[in-house]
Amino acid sequence: MKRMFQTAGIRMINNKGEKHGTITARIHNENFEVTTLRVDVQTDGRHAEVEFTTDWQKDAERRDLTINSLFLGLDGTLYDYFKGYEDLQNCKVRFVGSAEQRIQEDYLRILRYFRFYGRVALKPGDHEPETLAAIRENSRGLAAISGERIWVELKKMVVGNHAAHLLELMYNLELAQYIGLPPDGNVEEMKRVWQKAKDHSPKPMTILAALFHCPEEVEKMDIRLKVSKEEKTLALFLVKYRQELCKSDDEPSMKPFTDFIIDSRELDSQSKVCELLKYQGEEKLLAELCRWSVPRFPVSGHDLRRMGVTSGKEIGATLQKLRDIWKKSRYQMDKDELLSYVKS
């Protein structure tokens, strides 16, 4: 491969992948990873030592799923050694050869199976019994897989098709304890949330948050999966406010949520509240809030100083008082109207 690229005058970058058979070619300011044919010499359930080969079938044998073991020639010829094309046509997800052997080569393939099931299968529950048996028997192997690799697969699966079914199945197969999810997660709540949120592009953590009973479970999840700060913050926010911040019968429907956003003064507060509304299944409020622009509070500390209010403590208390008045006016009062309360 290197000789081919060199002959064509194509620059190659980042040679770290060469020992695994991967070369990165830089073409028209884009990177393309190209991997040669390989055979696994030794595997430990996480990584593989490989040798290069020219045998396409040998390379196909080391793939995880039949639908991932297809090759296409430059002339359009399809090379299919394990009926992967037939499985695609039938929307089936199957391991290449022995499911147990493929899983033991890399236990992350358990989660890859579920992710691809969500992409390929037309309906939930169409699994081969022997595949589920192999997953259950080898579930403990996920404990040795890094949290980062698990999270890459899990968050893709959660926003795919059949996510609620797949998460429930993972609990039934006793995988949760090895992948950072609470062992006694609230599966019924998760199913309810997914059903209401799935058509509104929820973030992965919006669905997973339904499994957590308390903030401590979010902390444990973060230790295992090493999610981003934004993802962890969202999970904690949803667990805290899913029952505390709701629409009120006594006020305009949007007001509790817009007041919260105004008071929080965080840049991402509106985004988090939108995820909360997806979680709660508040479709109409979600549409309203997505159209709503956060108004700017018209009064500042400088305005109060110009009026003779000099104490920092008094300025803070006065600003809060004016902010409350402004909120009650549904953010309609302007600076002069608000400052008139200071004059009086």
Side-chain angles (χ1 to χ4, degrees), residues 38-50 55-71 78-146 149-181 183-185 187 190-191 194 211:
R38 299 172 294 178
V39 176
D40 289 344
V41 177
Q42 185 175 349
T43 60
D44 63 3
R46 291 182 297 172
H47 309 291
E49 292 183 17
V50 300
D55 189 327
W56 291 89
Q57 183 165 348
K58 289 290 185 185
D59 185 274
E61 288 172 357
R62 66 181 294 277
R63 304 285 172 166
D64 52 3
L65 305 171
T66 61
I67 57 176
N68 290 336
S69 66
L70 301 170
F71 303 103
L78 180 67
Y79 297 90
D80 179 9
Y81 300 100
F82 299 101
K83 299 183 178 179
Y85 182 64
E86 181 181 319
D87 286 339
L88 270 180
Q89 289 182 309
N90 295 325
C91 302
K92 298 287 290 184
V93 181
R94 295 188 303 113
F95 283 99
V96 170
S98 164
E100 183 170 44
Q101 184 179 344
R102 294 288 83 77
I103 289 170
Q104 290 175 355
E105 289 166 352
D106 183 354
Y107 291 101
L108 189 68
R109 287 174 171 175
I110 291 174
L111 297 185
R112 283 175 59 80
Y113 168 82
F114 290 120
R115 174 163 70 87
F116 277 97
Y117 188 94
R119 292 183 63 182
V120 173
L122 293 179
K123 58 184 180 180
D126 192 21
H127 308 274
E128 295 185 345
E130 55 268 31
T131 297
L132 298 185
I135 289 173
R136 182 189 292 274
E137 288 299 315
N138 291 278
S139 60
R140 188 181 297 272
L142 284 167
I145 302 297
S146 73
R149 292 182 73 204
I150 287 174
W151 182 229
V152 166
E153 294 295 329
L154 186 59
K155 65 183 176 181
K156 290 178 182 178
M157 187 209 79
V158 168
V159 294
N161 297 325
H162 319 309
H165 156 73
L166 294 172
L167 280 169
E168 182 176 28
L169 180 58
M170 289 164 69
Y171 269 90
N172 292 340
L173 295 174
E174 300 178 350
L175 304 185
Q177 60 187 313
Y178 304 117
I179 60 174
L181 299 180
D184 61 342
V187 174
M190 177 275 299
K191 288 161 64 178
W194 180 79
L211 294 168

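Quick caveat: nothing in here was measured; it's all calculated off a predicted structure.
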Side chains of Leu154 and Trp151 in contact at under 4.5 Å (non-hydrogen atoms): yes
Take Ile110 and Ile145 through the side-chain contact (heavy atoms from CB on, under 4.5 Å) test and state the conclusion after the steps. CA-CA 11 Å; Ile110 291 174; Ile145 302 297; over 6 Å; no
Quick one: do Leu111 and Leu142 satisfy side-chain contact (heavy atoms from CB on, under 4.5 Å)? Show the steps, please. CA-CA 9 Å; Leu111 297 185; Leu142 284 167; 4.3 Å; yes
Backbone N or O of Gly141 within a donor-acceptor pair of the Asn138 side chain at under 3.5 Å? no
Sort out for me which residue in Glu61, Gln57, Arg63 forms a side-chain contact (heavy atoms from CB on, under 4.5 Å) with Asp59. Arg63
Tell me, with the steps shown, if Val152 and Arg149 meet side-chain contact (heavy atoms from CB on, under 4.5 Å). CA-CA 5 Å; Val152 166; Arg149 292 182 73 204; 5.8 Å; no
Would you check if the side chain of Arg102 reaches a backbone N or O of Arg109 as a donor-acceptor pair within less than 3.5 Å? no
Looking at His127, Lys191, Lys123, which one forms a side chain to side chain donor-acceptor pair (under 3.5 Å) with His165? His127
In Leu122, Asp87, Val120, the residue satisfying side-chain contact (heavy atoms from CB on, under 4.5 Å) with Lys92 is Asp87
What orientation do Phe95 and Tyr113 show, parallel under 30°, tilted 30 to 60°, or perpendicular over 60°? parallel
Any donor and acceptor pair, going by atom type alone, linking the side chain of Asp80 with main-chain N or O of Tyr85 inside 3.5 Å? yes
With no hydrogens and no angle check, is any side-chain donor or acceptor of Arg136 less than 3.5 Å from a backbone partner on Asn172? yes
Beyond-backbone contact of Leu167 with Trp194, side-chain heavy atoms, under 4.5 angstrom: no
